[in-house]
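These notes concern the structure reproduced below.
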Amino acid sequence: MNDPSVAALLQRNNELLEILVKLQLKSTLSEELSDPQNRKLYELTGDKPVGHISKELKMAAGKISRTWQRWEQQGLLIKDGRSYKRVI
């Protein structure tokens with residue numbers, strides 16, 4: 001795995017996959033993040049625990065959880081154990 005050509009191919013593969021994902025999710029992201037509060041929630045997802053986000057955004061933890069679940073179903077987030085990560 002130390003072969004530079006393999007690493008370069010993997011990097012290029014990841015770049016191309018990211019482009020495809022962005023194209024596929026463009027309209028969903030645009031729609032979901034049109035609300036400034038949702039945009040900020042998306043930006044904070046994966047960086048801070050729900051309690052901190054709830055206080056910062058003045059948004060109920062239950063609403064955050066439901067939004068994250070919806071976003072996971074739409075392919076915008078990936079569940080990682082008990083937390084979520086942004087896809088892009």
Side-chain angles (χ1 to χ4, degrees):
M1 192 64 152
N2 291 334
D3 185 353
S5 61
V6 172
L9 285 172
L10 288 172
Q11 177 63 34
R12 183 66 179 151
N13 186 51
N14 288 343
E15 291 167 354
L16 293 172
L17 285 172
E18 186 174 344
I19 290 168
L20 291 172
V21 168
K22 284 180 181 179
L23 288 171
Q24 185 68 32
L25 296 177
K26 184 178 180 177
S27 64
T28 303
L29 272 172
S30 178
E31 183 180 318
E32 288 291 331
L33 305 184
S34 62
D35 174 10
Q37 191 174 38
N38 278 352
R39 179 174 292 281
K40 187 67 176 171
L41 173 59
Y42 189 76
E43 291 169 2
L44 295 173
T45 299
D47 294 336
K48 296 182 178 183
V50 69
H52 287 88
I53 295 172
S54 177
K55 288 178 185 175
E56 187 172 330
L57 297 180
K58 296 178 178 69
M59 181 186 276
K63 182 176 180 183
I64 292 171
S65 178
R66 288 187 301 277
T67 302
W68 283 345
Q69 289 170 8
R70 184 178 73 246
W71 288 350
E72 180 189 19
Q73 291 173 348
Q74 294 172 329
L76 300 177
L77 300 178
I78 296 172
K79 190 161 187 170
D80 183 25
R82 296 184 62 185
S83 62
Y84 290 92
K85 292 182 180 181
R86 292 183 305 266
V87 171
I88 53 174

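This structure is a prediction, so every number in the text was calculated from the model and none was measured.
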Minimum-distance pair of heavy atoms, taken over all atoms of [X] and [Y]:
X	Y	answer
Gln37	Leu57	NE2-O, 2.9 Å
Leu77	Val87	N-CG2, 3.7 Å
Leu33	Asn38	CD2-O, 3.7 Å

Checklist entry - Are the side chain of Ser30 and the backbone of Lys26 linked by a donor-acceptor contact shorter than 3.5 Å? => result no

Next on the checklist: Can you pull out every ring pair (Phe, Tyr, Trp, His ring centres under 6.0 Å) where at least one residue sits in residues 28-56? Sequence neighbours excluded, please.
Outcome noted: Tyr42-Trp71

To the nearest 0.5 Å, how far apart are [atom1] in [X] and [atom2] in [Y]?
X	Y	atom1	atom2	value
Arg39	Leu29	CZ	CG	8.5 Å
Thr28	Gln74	OG1	CD	6.0 Å
Thr45	Lys40	OG1	NZ	11.0 Å

Which donor-acceptor pairs under 3.5 Å do the side chains of residues 59-67 make with protein atoms, sequence neighbours left out?
{"from": "Ser65", "atom 1": "OG", "to": "Gln69", "atom 2": "NE2", "distance (Å)": "3.4"}
{"from": "Arg66", "atom 1": "NH1", "to": "Gly62", "atom 2": "O", "distance (Å)": "3.3"}
{"from": "Thr67", "atom 1": "OG1", "to": "Lys63", "atom 2": "O", "distance (Å)": "2.8"}

Would you say [Y] ends up clustered with [X] if hydrophobic residues are merged whenever their side chains have heavy atoms under 4.5 Å apart, either directly or through other cluster members?
X	Y	answer
Leu41	Ile78	yes
Ile88	Tyr84	yes
Leu10	Val21	no

Item to check | side-chain contact (heavy atoms from CB on, under 4.5 Å) between Asn13 and Leu9, intermediate numbers included | outcome: CA-CA 6 Å; Asn13 186 51; Leu9 285 172; over 6 Å; no

Checklist entry - Got a sec, which residues hit salt bridge (charged side-chain N to carboxylate O under 4.0 Å, His left out) with Arg70, two or more places apart in sequence or on another chain? => result Glu32

Item to check | Over 12 non-hydrogen atoms of neighbours within 6.0 angstrom of CD in Gln24 | outcome: no

Next on the checklist: Atom CD of residue position Glu56 - does it have more than 12 heavy atoms of other residues, nucleotides or ligands inside 6.0 Å?
Outcome noted: yes

